[in-house]
Q: 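One structure, pasted below without further comment.
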2 protein chains.
Amino acid sequence: MSSKIRLESAATEAVQKNGLKSLSFRTLGAEVGVKSSSVHYHFPEKSDLAQALIDRYRTGLCSDLKHLSANSESAYSAIAEFVGVFIGYCNEGKLCLGAMLASESELLTQANRESLTGVFNEMQVWLTDEFERGRDELTVDLPSRTLAHCLLSSLEGAHLIARNERSDDQLLSVKMLLDSWFSKVN
Amino acid sequence: MSSKIRLESAATEAVQKNGLKSLSFRTLGAEVGVKSSSVHYHFPEKSDLAQALIDRYRTGLCSDLKHLSANSESAYSAIAEFVGVFIGYCNEGKLCLGAMLASESELLTQANRESLTGVFNEMQVWLTDEFERGRDELTVDLPSRTLAHCLLSSLEGAHLIARNERSDDQLLSVKMLLDSWFSKVN
DNA sequence: GTCTATACCCGGATAGAC
DNA sequence: GTCTATCCGGGTATAGAC
């Protein structure tokens, strides 16, 4: 695989764990066996790296979500699987890339920030559509869009809080809330 | 006021805006008119500064919450005011201190992390008690503790997401969710 | 308690050879 | 595309005078 791709993978992993600020061109290069100058060749400035990571994350996300919609037997199961992704991150000591970068927004360019907004929108639109698809089984009468916002916010917040502790309490509560929104949780 | 106190205030502000990692002893000192060596006199290492900030935040929080409980006419109004604090942060481009530090957990010591957990617990216990106080007006039958977890998670997540964008959508949705939990929202 | 001065390290970034 | 070498700025931290 090309160096560039391997750099992006390693960078994504590192950013989800410790943030962009903590990631240096030197250590990133070392991770895949090249020097910092080579990293600069692919990503001239740090904001270029950030942009690549955000774009890459969004692309992967889109295809994952598309798959999830197509292969799930119900809106509930699709959304529950989405929640599962976050629980997975949590177990690896990672934050969602979007959340981590959002917490470091002072080092992002305007373009970075706009793309990041796009990532969150992608998730919220997908969630909104899924809640709409499961309308009939919903026990709450809030707009789908509101439910989508709330679920995403809870997930991002929960695994931020959960990072410090050694319990899944936080995410489990969110899961309970989600379940309470559906009449059939099979 | 003593330098130490002023340093703590300035540091809290800076950390909520840009994080601990971005805050240098030099710029912090400059903020209150002393040199970096003087900052080191009060806080030998960065983790000492972090500890002071966390302790200070918790103390302020405790007294604020006590006041809120005592002076509110209902559980709903107390909780709504709590939500208001987060909306206020958001308008100032700040994150809750706990959330910001949680996102930077790689630079915290074990002691820092434990104290930080205490801060989140403080909020969750208070919220749990308030939901318990408002039991009669609740329209959801989830445990108060679960509601507390979910509300706090949503708030932390919402203003993380909201930081990038120029809209309050995210936090408004959380407010709508909260309102939907109470039968009387007067 | 605060200062000046300084040691030391690490990060981003670039120039130029291969 | 990758390397070596290097510059420069800025960060943490300490020693010692006042």
Side-chain angles (χ1 to χ4, degrees), chain A residues 1-56 97 100-101 103-113 116, chain B residues 1-56 100-101 103-113:
Chain A
M1 212 182 335
S2 80
S3 286
K4 186 163 184 173
I5 304 289
R6 284 161 60 223
L7 285 168
E8 288 178 357
S9 299
T12 299
E13 174 104 3
V15 170
Q16 288 193 253
K17 282 188 178 145
N18 298 324
L20 183 62
K21 183 118 191 176
S22 294
L23 180 64
S24 76
F25 280 75
R26 266 194 260 266
T27 60
L28 174 57
E31 201 75 29
V32 314
V34 298
K35 295 296 172 182
S36 76
S37 49
S38 300
V39 182
H40 277 284
Y41 171 80
H42 296 290
F43 312 100
E45 300 188 12
K46 221 166 184 186
S47 57
D48 298 307
L49 177 60
Q51 191 62 49
L53 298 188
I54 297 170
D55 291 343
R56 178 191 153 93
L97 184 80
M100 184 56 95
L101 291 178
S103 79
E104 299 181 288
S105 79
E106 92 279 3
L107 34 103
L108 301 181
T109 63
Q110 188 55 32
N112 290 159
R113 261 180 242 120
L116 191 54
Chain B
M1 214 182 331
S2 82
S3 287
K4 186 162 185 174
I5 303 290
R6 283 160 61 221
L7 285 168
E8 288 178 358
S9 299
T12 299
E13 174 104 2
V15 170
Q16 287 193 255
K17 281 188 179 147
N18 299 323
L20 183 61
K21 182 120 192 173
S22 293
L23 179 64
S24 76
F25 280 74
R26 266 195 264 265
T27 61
L28 174 57
E31 200 74 31
V32 314
V34 297
K35 295 296 170 183
S36 77
S37 49
S38 300
V39 181
H40 277 284
Y41 171 81
H42 295 291
F43 310 101
E45 301 187 13
K46 223 167 182 185
S47 58
D48 298 308
L49 177 60
Q51 191 62 49
L53 298 188
I54 297 169
D55 292 343
R56 179 191 152 92
M100 184 55 95
L101 291 178
S103 79
E104 299 181 288
S105 77
E106 92 279 4
L107 32 103
L108 301 181
T109 63
Q110 188 55 32
N112 290 160
R113 262 180 242 118

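Just so it is clear, the values below take in all heavy atoms, side chains as well, and ignore hydrogens, waters and symmetry mates. Chain identifiers are assigned alphabetically (A, B, ...) following the order of the sequence lines, protein sequences preceding nucleic acid strands; residue numbering begins at 1 within each chain.
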Q: Between A:S9 (side chain only) and A:I5 (backbone N and O only), is there a donor and an acceptor less than 3.5 Å apart?
A: yes

Q: Residues two or more places apart in sequence or in another chain: which of them pass side chain to side chain contact (heavy atoms under 4.5 Å, CB included) with B:A111?
A: B:Q51, B:T109

Q: Going 5' to 3' through nucleotides 3-18 of chain C, assign each nucleotide B (protein heavy atom under 4.0 Å from a base atom), S (under 4.0 Å only from sugar-phosphate atoms) or - (no protein heavy atom that close).
A: BB------BBBBB---

Q: Quick one: closest heavy-atom pair of B:H42 and B:L7, and the distance?
A: CD2-CD1, 3.8 Å

Q: Closer than 4.0 angstrom, basic N to acidic O: yes or no for A:E104 and A:K21?
A: no

Q: Distance to the ring centre below 6.0 angstrom and angle to the axis at most 45 degrees; does that hold for A:K4 and A:F43?
A: yes

Q: Less than 4.0 angstrom between a side-chain N/O of A:Y41 and OP1 or OP2 of D:dT2, yes or no?
A: no

Q: Can you measure B:L28 atom CG to D:dT12 atom C1' for me and round it to whole angstrom units?
A: 13 Å

